[in-house]
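This report refers to the structure that appears directly beneath it.
All values below were derived from every heavy atom in this structure, side-chain atoms included, with hydrogens, water molecules and symmetry-related copies excluded. Counting starts at 1 for both ligands and their atoms, following the listed order. Start at 1 with the first residue, then count along the sequence.
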Amino acid sequence: MKNNWSYTEARKYIKKYKNLGYSKDLALRVYTSRLLGKNSELVLHGGGNTSVKTSIKDLDGKKCNVLCVKGSGWDMADIEPDGLPAVKLEPLLSLKNKKHLSDEDMVAFQKRNLINIKSPNPSVETFLHAFLPFKYVDHTHANAVLNVTNRPNGLSFCKKIFGDKASIVPYIMPGFGLAKKINEIYSKNPNINCLILMNHGIFTFSDDAKEAYNLMIKYVSKAEQAIKKLKVKKIKQINNFSTKFTPSEIAPVIRGLLSENKDQKFVVNFRSNKHLKYFINGKNVKIYSSKGTSTPDHVIRVKPFPLIITPKKNSSVDDFKLIAKKAFDNYRKKYINYFNVNRKKVKEKKVMLDTSPRVVLVQNVGMFSIGKDLKSSKIAGDLTDTNAKVITSVEETSTYKFIPEKDLFDVEYWSLEQAKIKKAKKLLEGNVVAITGSTGTIGFETYKLFKSYGAEVILLDINSKKLNEIQSKIKDTCIYCDVRNKKSVQKAFNQICEKFGGLDILVSNAGTAPSGEIGEVNDEILRKSFEINFFSHQNCASEAVKIMKKQNINGCLLFNISKQSVNPGRNFGPYGLPKSALLSLCKQYAVDYGSYGIRSNGVNADRIKSGLMNDKMIKSRAKARAVSTDIYMRGNLLLKEVKAEDVAKAFFHLATSKKTTGAVLTVDGGNIAASLR
Ligand SMILES: [Zn+2]
């Protein structure tokens, strides 16, 4: 393993943080924590932790010895001093001889000894860090270390590899008990500079930041070299076969089966690569993938075992559906059984989590990873990617062995672990929303509103330049899509299915506003308007309902119609006529798809300042009515200008009104002539 320490970088950190008022101790702690965190062979997504023992001045001016230890919710890769809350050291050390401390008491004790009560919760390994009498303590879940510990002869193998300055510690669940054990081991061997925790990871420590980091790299390299020397026997693979479906075609099937009820929505992310294929297509995948993760804390993200599906040769989506349904039923039974068997072995009462897998491995296709949003689905994918590497490497040289199921259960159902991923649920969490014409004023306002309620929103648009501009500012997915072209729509929706698993809400918003006296207007203008203002909605809606039917967890179509559909404006026929047809289309979808739980509603808005109704157009419409632009914009019963955000709110309202379909909501400040009758 490469040692990435650089004196130049270290000095930069010291200078930067000195200017921000932090000590050299803390600056170097930030620097080497990041070095560790950025190496995916060492830790992933908030795994591992580090600490530094230092002193800080409290408000009363008195110097206070503290342990700055990684706080919950922070990732070492981009940690800042704020992510290393300072806990008073003496009180922590005063519990060295305490026989037992419950999890709740441990958390409370750590919290009340924080220097700043607003700090994040200190790591569950805080006591372990405190008890080791070194300034810098580094902890990772290095792949190579897990590789050598997670095998039948792991203990003796490790003793050979790491030498006498490292102690090998049999598996104990993290928390106060582990801290006590480490304290006991260190007291007996004060010469050690490393602890190898079986089936968990590695600790290295020193009074010097660089040395603690060097030791980490040194010991991990030792493990890597030991693995290299082993005789490798490739794991047996199943025969390659082809199927009649693509990953994006079966993703909605999987997404639908994941929901225990129609309101529970998950995001499903697909990926495949060379080593994942090697893992998934192994003949014994059912055996080795069900032995657990590579380090215990992954279990809260990926559950103790994945769901494995083997499609039949040349099978269709419908064939897959049948096989997948059975596989899901069996998975749920297996999970319930796992829960029931293990909950009897613990004293406290446990409540079962949902029974849906977080990882679905489809042989000869790839991996679908699952989460409450895109971020957590990708984390589950990254962890499985790593677990697959460790497990296959062990299987090539031995047989994978992990902690007993009961120990994994203890971590999965540990309140301190669950607290890491539990957050208040937002109204649209897990929902996948696609918006067409999303770079426009109304489209973008709708994106912002739906996102604020926790939905995953995909922005579709034909304007690549604007789309790129937006993409450079936001993390959400932007996809080029010409809604007039069926193929372009299919391509965009396939991308959505592959990345998110499916679709729940379509906001069909794209449009243009051509005008002309109806008797005079060129046929081409009228036909073009029908393409964009009618057929494009049909293109998107027909693709959306295909996905929604496959998922079978309800769905919602939302159309941006227009008041023109019921109240034509003079010389606005080319715009109004397709909009009238769109109103009928909206109702037709409500009629044809209601029984599938798919709702179809529309918004009739009027006089919204946007790309369609720009300043020039507003001026000319106002002039035609002989009023000022301001009066024109407020020309409604409420005498108030209607804005894009008001239209967005109407879409949101319809999306969340679960018993409303075939309805049109008017957003025009009041216009009796345009009101529905
Ligand atoms: Zn750990």
Side-chain angles (χ1 to χ4, degrees), residues 29 32-33 35-51 67 69-77 79 83-84 103 106-107 110 120-132 134 136-150 154 158 162 166-183 185-186 194-205 212-213 215-216 219-220 223 292-302 379 382-383 386-387 390 402-403 407-408 410-412 414-421:
R29 180 65 287 173
T32 57
S33 299
L35 285 183
L36 299 170
K38 280 181 186 151
N39 187 337
S40 63
E41 297 279 308
L42 290 175
V43 276
L44 282 175
H45 299 297
N49 40 60
T50 54
S51 69
L67 173 81
V69 62
K70 200 195 97 166
S72 180
W74 281 83
D75 193 314
M76 290 211 282
I79 204 156
L84 293 154
D103 292 336
M106 180 178 83
V107 171
Q110 289 172 188
N121 277 344
S123 157
V124 294
E125 324 255 34
T126 295
F127 277 96
L128 199 166
H129 283 262
F131 291 170
L132 286 168
F134 294 87
Y136 289 92
V137 178
D138 294 12
H139 168 49
T140 72
H141 303 149
N143 289 0
V145 172
L146 297 169
N147 191 318
V148 295
T149 65
N150 298 1
C158 286
F162 296 107
S167 270
I168 318 296
V169 187
Y171 179 78
I172 297 176
M173 186 168 147
F176 193 70
L178 178 61
K180 290 272 298 175
K181 183 75 194 169
I182 298 294
N183 184 40
I185 290 172
Y186 177 76
C194 170
L195 289 157
I196 299 290
L197 273 56
M198 292 296 293
N199 315 110
H200 175 170
I202 168 173
F203 278 84
T204 55
F205 29 86
Y213 172 75
L215 286 169
M216 179 65 72
Y219 281 110
V220 173
T293 49
S294 61
T295 186
D297 79 347
H298 289 184
V299 74
I300 57 166
R301 301 276 191 177
V302 300
I379 291 177
D382 290 346
L383 299 183
T386 284
N387 291 339
V390 173
F402 198 51
I403 53 175
D407 288 335
L408 201 55
D410 284 343
V411 176
E412 187 183 5
W414 191 21
S415 57
L416 302 188
E417 283 290 349
Q418 283 301 328
K420 287 184 190 169
I421 52 170

Seminar exercise, completed: Tested for side chain to side chain contact (heavy atoms under 4.5 Å, CB included) against L197, the lone hit among T295, T149, L178, I202 is L178
For this session: Please name all residues satisfying salt bridge (charged side-chain N to carboxylate O under 4.0 Å, His left out) with K180, sequence neighbours left out, ordered by chain then number.
Result: none
Problem set entry | F203/H129 aromatic ring centres below 6.0 Å | yes
Exercise. Who passes salt bridge (charged side-chain N to carboxylate O under 4.0 Å, His left out) against D407, sequence neighbours left out?
Worked result: none
Exercise. Do the non-hydrogen side-chain atoms of I168 and F162 ever get within less than 4.5 Å of each other?
Worked result: yes
Problem set entry | Set of side chain to side chain donor-acceptor pair (under 3.5 Å) partners for N39, sequence neighbours left out | none
Exercise. Within less than 2.8 Å of the Zn ion (ligand 1), how many protein N/O/S atoms are there?
Worked result: 3
